[in-house]
Protein chains: 2
Amino acid sequence: MSLRYALLAILRVGPLSGYDLQKQFSQSVGHVWHAPDSQIYPELRKMEEAGLVEGEDQLRGERARRRVYHVTEAGDRAFIEWMQTPLEYQRVRDPAHLRAAYLESVSYDAAREFFRGHIAEWEGELEQWRGELVHIENLSNPMLVRRLAVTADVDKPRTIAFKRITYEGLVEHALGEIAWARRGLELVDELEAG
Amino acid sequence: MSLRYALLAILRVGPLSGYDLQKQFSQSVGHVWHAPDSQIYPELRKMEEAGLVEGEDQLRGERARRRVYHVTEAGDRAFIEWMQTPLEYQRVRDPAHLRAAYLESVSYDAAREFFRGHIAEWEGELEQWRGELVHIENLSNPMLVRRLAVTADVDKPRTIAFKRITYEGLVEHALGEIAWARRGLELVDELEAG
DNA sequence: GTAAACATGTAAACGGTTACATGATTAT
DNA sequence: ATAATCATGTAACCGTTTACATGTTTAC
């Protein structure tokens, strides 16, 4: 159910077509809440039915159209209300730690493969999140710039500060996973040696 | 799809009824892969259809029955094969960091509420995982004891070591989330002050 | 002319959540 | 007698994933 609010968060900055939304999405909120375009288009339609957004068809060339969505007052209220509601945490479902707990059932090399894969996976995320963090510090993230353009001066420091701490948290998590997996590799070496 | 392998991991230690499995589950693998009983019973049936486990109905008293499942050779092979297959990581979908990125749209108190809730959530997980870690160190976890009972002496150190590093990783993650949220609270104080 | 990018979807399947439903046995 | 625990499910719903489907416009 968070997809809806992730989309509202972006649309609140200004109207966008489904296509543009999806592109902005994958370069911003998509870093913490992934969604494919095949999920975004239908969700926008549902949000329109619920009165949270309104879409207008615009013509593009002679035959093509694009549907541009903007947030309604009800949509804005719904977003703020959600932000103030206690967050529903999802139950833990962590395939990597599930597997790690049973590595005794495979060879040392297979165990190493697992930890190496874990490092590769989290280094990928780390790179993305660190990149975002740099863009936040430099004010070189287009979404953030657009947002700041519609934000009162008093509110700007907060807007930046919360984005920064968010990505700092993600970066630290990724670093933690990588450090853990490196220790995993050392453990495998020790077990094999002794 | 990991539920299947989580269930196999437990059943490989020895036969269990759906009910007992579910109890063992919630006290062991359930810490990293949650599943309600309403999901476990049908999954066991599906695994039986797939030939991974076999169930036998046992009588309990006069009228009641319980179905005891054990892993087949095919089930054992499937588990080992899965353990050696590159892990499919799920796309990031993190409602807490999604929300954190937009805290400028609510009051300082609402932002504090969010971070406090985050701390409470992760302290809950931390307690569970730390408890497990203690049970692993003391060999006071019944599942681990049963597992060691069917494990060759040479393999025992590994079996313990992988469980330990798994829960250490989880504990560190929880500590990281808590430290992050505490910094969040400090940030809110600073923003409100200056 | 052709490829890249623009633009918007549908359909089927799957996994997970929540609520409901039922009854037997054992310990007090 | 009664409560706790044992024991096993079904059904409806929801969100997500994957694969498929189609056509337009713009830049080279």
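Lettering of chains follows the sequences in order, A, B, ..., and the numbering in each one begins at 1.
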*Confirm from the modelled atom types if Ser38(B) and dT17(C) form a donor-acceptor pair under 3.5 Å, side chain to base only.*
no
_Rounded to whole Å, please give me the gap between CZ in Phe25(B) and C1' in dG16(C)._
12 Å
*asked:* By nearest heavy atom, map Leu3(A) and Gly61(A) onto DNA chain D; which one lands nearer the 5' end?
replied: Leu3(A)
*Rounded to the nearest angstrom, tell me the gap between atom OH in Tyr41(B) and atom P in dA7(D).*
8 Å
*Does Arg60(B) place a side-chain N or O at less than 4.0 Å from the phosphate oxygens OP1/OP2 of dG23(C)?*
no
*For Ile40(B) and Phe25(B), what are the C-alpha separation, side-chain angles and deciding distance, and is it a side-chain contact (heavy atoms from CB on, under 4.5 Å)?*
CA-CA 10 Å; Ile40(B) 290 175; Phe25(B) 189 87; 4.2 Å; yes
*Before accepting this row, confirm whether a basic side-chain N of the pair Arg116(B)/Glu113(B) lies closer than 4.0 Å to the acidic partner's carboxylate O.*
yes
_Rounded distance (Å) that lies between atom P of dG15(D) and atom CD1 of Ile40(A)_ = 15 Å
*How long is the line joining CG of Asp20(A) and P of dA5(C), in whole Å?*
15 Å
*asked:* Under 4.0 Å, counting only non-hydrogen atoms across every strand here, what does Lys23(B) touch: a base, just sugar-phosphate, or nothing?
replied: sugar-phosphate
*asked:* Using a heavy-atom cut-off of 4.0 Å across all strands, would you classify Glu43(A) as base, sugar-phosphate, or nothing?
replied: nothing
_Side chain of Pro36(A) - closest among dG9(C), dT18(D), dT16(D)_ = dT18(D)
*Rounded to the nearest Å, what distance is computed from the CZ atom of residue Arg91(A) to the P atom of nucleotide dT17(C)?*
7 Å
*Chi angles and distances behind the side-chain contact (heavy atoms from CB on, under 4.5 Å) call for Met47(A), Leu8(A)*: CA-CA 9 Å; Met47(A) 288 163 74; Leu8(A) 280 177; 3.7 Å; yes
_Selected nucleotide, minimal atom distance to Gln39(A) side chain, candidates dT25(D), dG15(D), dA7(C)_ = dG15(D)
_Pairwise side-chain contact, Leu126(A) with Val171(A), heavy-atom cut-off 4.5 Å (strictly under)_ = yes
*5' precedence on DNA chain D between Lys46(A) and Glu88(B) (nearest-nucleotide basis)*: Lys46(A)
*Any side-chain N or O of Arg45(B) less than 4.0 Å from the OP1 or OP2 oxygen of dT10(D)?*
no
*Provide, to the nearest angstrom, the distance between the CD atom belonging to Glu62(A) and the C1' atom belonging to dT24(D).*
11 Å
*Round to a whole Å and report the spacing from CG of Leu21(B) to C1' of dG9(D).*
15 Å
*Quick one: pull up CH2 in Trp129(B) and CD in Glu172(B) and give me the separation to the nearest 0.5 Å.*
11.5 Å
*Would you indicate which nucleotide in dT17(D), dG9(D), dT8(D) comes nearest to any side-chain atom of Tyr19(B)?*
dT8(D)
*Rounded to the nearest Å, what distance is computed from the CZ atom of residue Arg63(A) to the P atom of nucleotide dT22(D)?*
17 Å
*asked:* Can you tell me if Arg93(A) touches the phosphate of dT17(C), counting only side-chain N or O atoms and a distance under 4.0 Å to OP1 or OP2?
replied: yes
